[in-house]
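No hydrogens, no waters, no symmetry mates; every other heavy atom, side chains included, goes into these values.
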Amino acid sequence: MMKVFICPECGWMRVVSRRKDVECFKCGNEQMTLAKVDFDAFTSMSEEERKDYANGWLYIHQKAKK
(Lines give C-alpha, C1' and ligand atoms only; values in the text may rest on other atoms or scores of the structure.)
Protein backbone atom coordinates (compact mmCIF):
# COMPACT_ATOMS: atom_id res chain seq x y z
CA MET A 1 0.00 0.00 0.00
CA MET A 2 1.33 3.44 -0.93
CA LYS A 3 1.50 6.00 1.89
CA VAL A 4 2.05 9.75 1.82
CA PHE A 5 4.36 11.29 4.42
CA ILE A 6 4.95 14.96 5.16
CA CYS A 7 7.95 16.57 6.80
CA PRO A 8 7.00 18.49 9.96
CA GLU A 9 9.97 20.83 9.44
CA CYS A 10 9.72 21.90 5.78
CA GLY A 11 6.42 20.45 4.47
CA TRP A 12 8.00 18.32 1.74
CA MET A 13 5.81 15.34 0.85
CA ARG A 14 7.01 11.88 -0.07
CA VAL A 15 5.29 8.68 -1.21
CA VAL A 16 6.60 5.34 0.07
CA SER A 17 5.31 1.79 -0.01
CA ARG A 18 6.66 -0.38 2.80
CA ARG A 19 8.55 1.92 5.11
CA LYS A 20 7.55 3.06 8.58
CA ASP A 21 10.53 5.32 9.24
CA VAL A 22 10.80 7.92 6.50
CA GLU A 23 13.43 10.65 6.29
CA CYS A 24 13.14 13.95 4.45
CA PHE A 25 15.51 14.31 1.51
CA LYS A 26 14.85 18.05 1.29
CA CYS A 27 15.84 19.28 4.79
CA GLY A 28 17.36 16.13 6.33
CA ASN A 29 14.75 15.65 9.07
CA GLU A 30 15.01 12.06 10.25
CA GLN A 31 11.31 11.42 10.92
CA MET A 32 8.48 12.41 8.60
CA THR A 33 4.83 12.16 9.65
CA LEU A 34 2.12 10.10 7.96
CA ALA A 35 -0.23 12.52 6.20
CA LYS A 36 -3.98 12.13 6.38
CA VAL A 37 -4.34 12.28 2.61
CA ASP A 38 -4.56 8.96 0.80
CA PHE A 39 -2.46 8.06 -2.21
CA ASP A 40 -5.31 8.41 -4.75
CA ALA A 41 -6.18 11.90 -3.53
CA PHE A 42 -2.51 12.90 -3.51
CA THR A 43 -1.92 11.73 -7.08
CA SER A 44 -4.98 13.58 -8.33
CA MET A 45 -3.80 16.87 -6.78
CA SER A 46 -2.03 19.47 -8.89
CA GLU A 47 1.34 20.77 -7.75
CA GLU A 48 -0.36 23.92 -6.43
CA GLU A 49 -2.89 21.87 -4.45
CA ARG A 50 -0.06 19.84 -2.92
CA LYS A 51 1.71 23.05 -1.87
CA ASP A 52 -1.53 24.39 -0.37
CA TYR A 53 -2.06 21.13 1.54
CA ALA A 54 1.50 21.18 2.90
CA ASN A 55 1.27 24.86 3.88
CA GLY A 56 -2.04 24.26 5.66
CA TRP A 57 -0.65 21.21 7.43
CA LEU A 58 2.41 23.13 8.59
CA TYR A 59 0.27 26.05 9.78
CA ILE A 60 -1.99 23.80 11.87
CA HIS A 61 0.83 21.71 13.34
CA GLN A 62 3.14 24.65 14.08
CA LYS A 63 0.31 26.23 16.11
CA ALA A 64 -0.07 22.98 18.06
CA LYS A 65 3.64 22.98 19.01
CA LYS A 66 3.49 26.45 20.57
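Remark: the backbone N or O of Y59 is not paired with any side-chain donor or acceptor of Q62 at under 3.5 angstrom.
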Hey, can you pull the donor-acceptor pairs under 3.5 Å for the side chains in residues 24-38, sequence neighbours left out?
from : atom 1 : to  : atom 2 : distance (Å)
N29  : ND2    : Q31 : O      : 3.2
D38  : OD1    : A41 : N      : 2.9

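By the 4.5 Å heavy-atom criterion applied to side chains, M13 and Y53 are counted as neighbours.
When the side chain to side chain contact (heavy atoms under 4.5 Å, CB included) test is applied to S44, no partner is found at least two apart in sequence or on another chain. Partners of R50 according to the side chain to side chain contact (heavy atoms under 4.5 Å, CB included) rule, which considers only residues two or more places apart in sequence or in another chain, are F42, M45, E47.
Pairs engaging residues 11-21 under the side chain to side chain donor-acceptor pair (under 3.5 Å) rule: R19-E23 [sequence neighbours left out].
Across V15, V22, T43, V16, a single residue satisfies side-chain contact (heavy atoms from CB on, under 4.5 Å) together with V4, and that is V15.
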